[in-house]
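As structure tokens, the structure follows; a few thoughts come after it.
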Protein chains: 2
Amino acid sequence: MVTKHTSEPFTFCDAMTQGQDRLAREVLESITARWSLSVLRVLAEAHGPLRFSRVLERVEGISQKALTHTLRTLERDGLLTRTLYPQVPPRVEYELTTLGRDLSVPVASLWRWIAGRLEEFAAAQALQRQS
Amino acid sequence: MVTKHTSEPFTFCDAMTQGQDRLAREVLESITARWSLSVLRVLAEAHGPLRFSRVLERVEGISQKALTHTLRTLERDGLLTRTLYPQVPPRVEYELTTLGRDLSVPVASLWRWIAGRLEEFAAAQALQRQS
DNA sequence: CCGAATCCAATTGGATACTG
DNA sequence: CAGTATCCAATTGGATTCGG
């Protein structure tokens, strides 16, 4: 699959089959879901595996249920691995995959694009509140 | 505000105040919300203003309520403009701003990053379903 | 025509209790 | 310890109706 580049923006979807488009959207959603970036960040900063409880502590405001769901989704998409050590009490460790680590590059780009235009966004919102 | 670049990924949040971080997240959310990309795309391809009904027709599967909400959010963030022509019956036109048009660049980057790794994502998901 | 308002179904999310 | 299960509150989303 090769993405055609034309003068038209947003054409990047066109070269995909319906299944590919669906998968790509799924991944995009899991990346941009409520808690994903925070969890990815915590794991990136850990430079190694982290137990469930440690992640729970470091992601401010997340509930245990939401964390479980977020981790499962990111695992499903191959961004992190889940390793269960069958001990009593059990130990479960989460760690970024190479894919998960590489992700920070394009995500950081988008983030910086937004960060570089914060004044424009703030101005737009301020204008909006007037009318 | 200057974003510090270190070897650490995800540090791009650090140089922001809490208010800036909140705003950036708000924008990121509005961009990645359910229908935003489709709406932005339709407007980008229009090369000009588009009436509410025309957008509604071209975004497959969206409800009128969801479209109204999406348009309002994107307008609030300065990505498009809403122009009301006080006629009977009323006419309302939506058009991308420069900010909205520029957005397609970083979004396309992230999209291509994902698109270029679809096989890895598919493989990860396949593996997942086994266990 | 545009969209606000209303109603209702379905999904989400937190809190708590429980288990291997 | 790391969840799953359950209950419940709050939010979301579609369908429909109504109004300027």
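Convention: sequence-line order gives letters A, B, ...; per-chain numbering from 1.
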ask   = Between C/dG3 and B/Tyr94, is there an OP1 or OP2 to side-chain N/O distance shorter than 4.0 Å?
value =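 For C/dG3, OP1 or OP2 has a side-chain N or O of B/Tyr94 closer than 4.0 Å.
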
ask   = A/Arg82 side chain N/O closer than 4.0 Å to the phosphate oxygens (OP1, OP2) of D/dG3?
value = yes

message = Taking the nucleotide of DNA chain D with the nearest heavy atom to each, does A/Lys65 or A/Pro90 sit closer to the 5' end?
response = A/Pro90

query = Of A/Arg72 and A/Pro89, whose closest DNA chain D nucleotide lies nearer the 5' terminus?
reply = A/Pro89

ask   = Looking for any heavy atom pair under 4.0 Å, which part of the strands does B/Gln87 touch: base, sugar-phosphate only, or nothing?
value = nothing

Value in whole Å for how far the [atom2] atom of [N] lies from [atom1] of [X]:
| X | N | atom1 | atom2 | result |
| --- | --- | --- | --- | --- |
| A/Arg34 | D/dT11 | CZ | C1' | 12 Å |
| A/Leu71 | D/dC1 | CG | C1' | 14 Å |
| A/His69 | D/dT4 | NE2 | C1' | 14 Å |
| A/Glu93 | D/dG3 | CD | P | 11 Å |
| A/Ile62 | C/dA15 | CD1 | C1' | 15 Å |
| A/Glu29 | C/dT12 | CD | C1' | 14 Å |

ask   = According to the salt bridge (charged side-chain N to carboxylate O under 4.0 Å, His left out) rule, which pairs have a member within residues 63-76 of chain A, sequence neighbours left out?
value = A/Glu26-A/Arg76

ask   = Choosing from D/dC1, D/dG3, C/dG3, which nucleotide comes nearest the side chain of A/Arg51?
value =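 Among D/dC1, D/dG3, C/dG3, the one nearest the side chain of A/Arg51 is D/dC1.
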
request  = Flag yes if more than 12 heavy atoms outside B/Gln87 fall under 6.0 Å of its CD atom; otherwise flag no.
outcome  = yes

Please output the side-chain donor-acceptor pairs of residues 35-42 of chain A that fall under 3.5 Å, not counting sequence neighbours, one pair per line with the distance.
residue : atom : partner : partner atom : Å
A/Ser36 : OG   : A/Ser30 : O            : 2.5
A/Arg41 : NE   : A/Glu45 : OE2          : 3.0
A/Arg41 : NE   : B/Phe10 : O            : 3.1
A/Arg41 : NH2  : A/Glu45 : OE2          : 3.2
A/Arg41 : NH2  : B/Phe10 : O            : 3.4
A/Arg41 : NH2  : B/Asp14 : OD1          : 2.5
A/Arg41 : NH2  : B/Asp14 : OD2          : 3.2

key: 5' priority, DNA chain C, between B/Arg54 and A/Gln64 [closest heavy atom]   =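 Residue closer to the 5' terminus by nearest nucleotide: B/Arg54.
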
query = CZ of B/Arg101 to CG of B/Leu79: how many Å apart, nearest 0.5 Å?
reply =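 Nearest 0.5 Å value for the CZ-CG distance: 11.5 Å.
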
